[in-house]
Amino acid sequence: MEDQNDESSTNLIINYLPQTLSDEEFRSLFLSVGPITSSKIVRDKSTNYSYGFGFVVYERAQDAQRAIETLSGLQLQNKRIKVALARPGGDQIKGANLYVRNLPTPWKETELNKLFDPYGKIIQSRVLIDLATGVSKRVGFVLYDTRDEAENAIKCLSGKTPEGCTEPIMIKFADDNTKKIKQQGSVQYVPIPNFAAGGPMRTQMNRFQRFNPMAGNFNSQVPGMAPSQQGYTLFVYNIGFLATDRTLWQLFSPFGTVQKVNIMLDHEKNQCKGYGFVTMTNITEAQNAINCLNGFYFQGKPLQVSFKNQNQNQNQQVPLTN
DNA sequence: TGGCATT
């Protein structure tokens, strides 16, 4: 009872970290709750690429608990981080992730969980959604607490046609994604432009926004965002009064196809009002531009970049007029 | 066959 400060109650795993979050930002965020023993974003050893999760060990269990309560669900850039006690490591939790195919199209995580729940403790699950159409890819993942549970689920469910399904579901152990991050695909890891990379460190406050964890699903990738036939329009705020259309082209072209840019002008002063819009063709490229440019200092001020249709959630600075 | 759940 006395020693509640062993690692089982002080070691936290943090999931859904934004790709560009630095180790320093990560550390200082969790330091704001109390003294910590260690912090680490898990990265590829050779490329330093973040796997999107990390660990923090607090000195005191009570601070770890408070970090869970106060920081889980915090929106960082385009992500909502999740903070939870880390499970004790060990061989039994490795290889516990399942890949599932032939799911009924309407199924979400709720239905997937219901099917897999009887065979073990589900840590995380996901149904893959086509981002452009919003339609299920009929493929999902179920991560169990232990390998044994995953094996059991395979044994019991493989080839079965569960209630609500019209064909047998296919279950396999999932590929270990964290060990071989895709290097192919040019938009996966586009370097940020030099002026952003070399600039001062971003402030945190402009990117930290409270979020009610009960209001949303941790699994949703791009909440509140709707594709349009004309492409994906981004709202760019704090771009400065000297900005022109050309500025937006220069900022966003490195991330993919830019269809259109539109600087909002103050016609009396004949200068930029400090914000504009950029329409990109490809949602992945648009998202990557957001990941890389949101929060970065540009000419002395932190840019705010988001999907235009998402702005109602994000400390709106100006009314949306187009 | 995941914008990444065990360092």
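Residue numbering restarts at 1 for every chain, and letters A, B, ... go by the order of the sequence lines.
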* Asked: With no angle test and no hydrogens, is the base of dT6(B) tied to the side chain of Asp145(A) by a donor-acceptor pair under 3.5 Å?
  -> no
* Asked: Roughly how many Å is it from CD1 in Ile41(A) to C1' in dT7(B), rounded to a whole number?
  -> 13 Å
* What nucleotide, of dT7(B), dG3(B), dA5(B), holds the atom closest to the side chain of Arg87(A)? -> dA5(B)
* Is it true that Leu128(A) and Val100(A) fall in one hydrophobic cluster, defined by side-chain heavy atoms closer than 4.5 Å? -> no
* Asked: Nearest-Å distance, CD1 (Ile14(A)) to C1' (dG3(B))?
  -> 17 Å
* Round to a whole Å and report the spacing from OH of Tyr144(A) to P of dT6(B). => 16 Å
* Considering only side-chain heavy atoms of Leu143(A), which listed nucleotide, dA5(B), dT7(B), dC4(B), is closest? -> dA5(B)
* Any idea which of dT7(B), dG3(B), dA5(B) is nearest the Gln124(A) side chain? -> dA5(B)
* What's the CG-P distance between Leu21(A) and dG3(B), to the nearest Å? -> 19 Å
* Taking atom types as modelled, find out whether Thr146(A) and Gln92(A) have a side-chain donor-acceptor pair closer than 3.5 angstrom. => no
* Asked: Do the rings of Phe53(A) and Phe55(A) sit parallel, tilted or perpendicular, given the 30° and 60° boundaries?
  -> perpendicular
* Would you tell me if any nitrogen or oxygen in the side chain of Arg126(A) comes within less than 4.0 Å of OP1 or OP2 on dC4(B)? => yes
* Asked: Among dT7(B), dG3(B), dG2(B), which is the nearest nucleotide to the side chain of Leu128(A)?
  -> dG2(B)
* Asked: Which of these nucleotides, dG3(B), dG2(B), dA5(B), is closest to any side-chain atom of Phe141(A)?
  -> dG2(B)
* Could you check how far CG of Asp91(A) sits from P of dA5(B), rounded to whole Å? => 20 Å
* Asked: From the list dT7(B), dG3(B), dC4(B), which nucleotide is the closest neighbour of the side chain of Tyr16(A)?
  -> dC4(B)
* Between Arg147(A) and Glu151(A), is a salt bridge (charged side-chain N to carboxylate O under 4.0 Å, His left out) present by the stated rule, with each step listed? -> CA-CA 6 Å; Arg147(A) 171 97 182 180; Glu151(A) 268 171 8; 3.4 Å; yes
* Would you mind reading off the distance between Asp130(A) atom CG and dT1(B) atom C1', rounded to a whole angstrom? => 15 Å
* **Of the listed nucleotides dG3(B), dT7(B), dT1(B), the one nearest the side chain of Asp175(A)** => dT1(B)
* What is the distance, rounded to the nearest whole Å, between atom OH of Tyr51(A) and atom P of dT1(B)? -> 20 Å
* Whole angstrom is fine here: how far is it from CG in Leu112(A) over to P in dT1(B)? => 16 Å
* Report which part of the nucleic acid Lys172(A) touches: base, sugar-phosphate, or nothing (heavy-atom distance under 4.0 Å, all strands). => base
* When you measure from the side chain of Asn11(A), which nucleotide among dC4(B), dT7(B), dG2(B) comes out closest? -> dT7(B)
* Using 30° and 60° as the class limits, which term best fits the ring planes of Phe141(A) and Tyr99(A): parallel, tilted or perpendicular? -> tilted
* To do: Answer yes or no: is there a donor N or O on one side and an acceptor on the other, between the side chain of Asn5(A) and the main chain of Arg60(A), under 3.5 Å?
  => no
* Asked: Would you call Tyr99(A) stacked on dT1(B), i.e. ring centres under 5.5 Å apart with the planes less than 30° off parallel?
  -> yes
* Asked: Phosphate oxygens OP1/OP2 of dA5(B): is one of them under 4.0 Å from a side-chain N or O of Lys121(A)?
  -> no
